[in-house]
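All remarks here apply to the structure that follows.
The basis for the numbers below is simple: all heavy atoms, side chains too, and nothing from hydrogens, waters or symmetry mates.
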Amino acid sequence: MVLLDADAFLTQLTRILESTRTKGTMYVTMKRYAGIDGKKGRAVDPADCRCLVRATGGKHKISTMIAAKDHRRFMKSYGNILKVSLDSLKKKERKRPDKKKVTA
């Protein structure tokens, strides 16, 4: 898995989304990362925590670490990429229930 900076991660994520647009699956996971202190059960300041973001699609695996101060900017860019890239999803077919006619 390749650890990238935030901007390079978003660029690679766009490429993965384009390659899996017609066929394939892509997974994105986000996880709180508190470092070694968090693993040992010590108290960690929330401002010191990071967000570990991983994406896999096909044979590509990428990841990045986002600091708390950069989280809003990253999520805004990430949301825009998803809005543009996920337009090819199939809409769910709804089955209309058959209404029974009541005869009086």
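The backbone N or O of M26 lies less than 3.5 Å from no partner atom in the side chain of T20, so there is not a single donor-acceptor pair. Checked by atom type and distance alone, the side chain of S19 pairs as donor or acceptor with a backbone atom of I16 at under 3.5 Å.
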Q | Step-by-step side-chain contact (heavy atoms from CB on, under 4.5 Å) determination, R15 to T11 | A | CA-CA 7 Å; R15 290 183 183 155; T11 304; 4.2 Å; yes
Q. Going through the checks in order, is the side-chain contact (heavy atoms from CB on, under 4.5 Å) test met by Y27 and K61?
A. CA-CA 10 Å; Y27 297 101; K61 293 183 180 181; over 6 Å; no
Worksheet entry | Verdict with supporting geometry, T29 and V53, side-chain contact (heavy atoms from CB on, under 4.5 Å) | CA-CA 6 Å; T29 59; V53 183; over 6 Å; no
May I have the step-by-step check of side-chain contact (heavy atoms from CB on, under 4.5 Å) for M1 and H60, ending in yes or no?
-> CA-CA 8 Å; M1 185 151 316; H60 304 285; over 6 Å; no
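Looking only at side-chain heavy atoms (C-beta outward), L13 and V28 come within less than 4.5 Å of each other. Between I66 and F9 there is no side-chain heavy-atom pair separated by less than 4.5 Å.
Taken from CD1 in I62 to CG in L3, the straight-line distance is 10.5 Å, to the nearest 0.5 Å. Put simply, OG1 on T64 and CZ on R54 are 12.0 Å apart, with the number rounded to the nearest 0.5 Å. The SG atom of C51 sits 6.0 Å away from atom CE of M30, with the distance rounded to the nearest 0.5 Å.
Between L10 and T14 the shortest heavy-atom distance is O-OG1, 2.9 Å. A pairwise comparison of heavy atoms in V84 and R21 identifies O-NH2, 3.8 Å as the closest pair.
The residues R50 and D70 are annotated as not salt-bridged, no charged nitrogen and carboxylate oxygen being separated by less than 4.0 angstrom.
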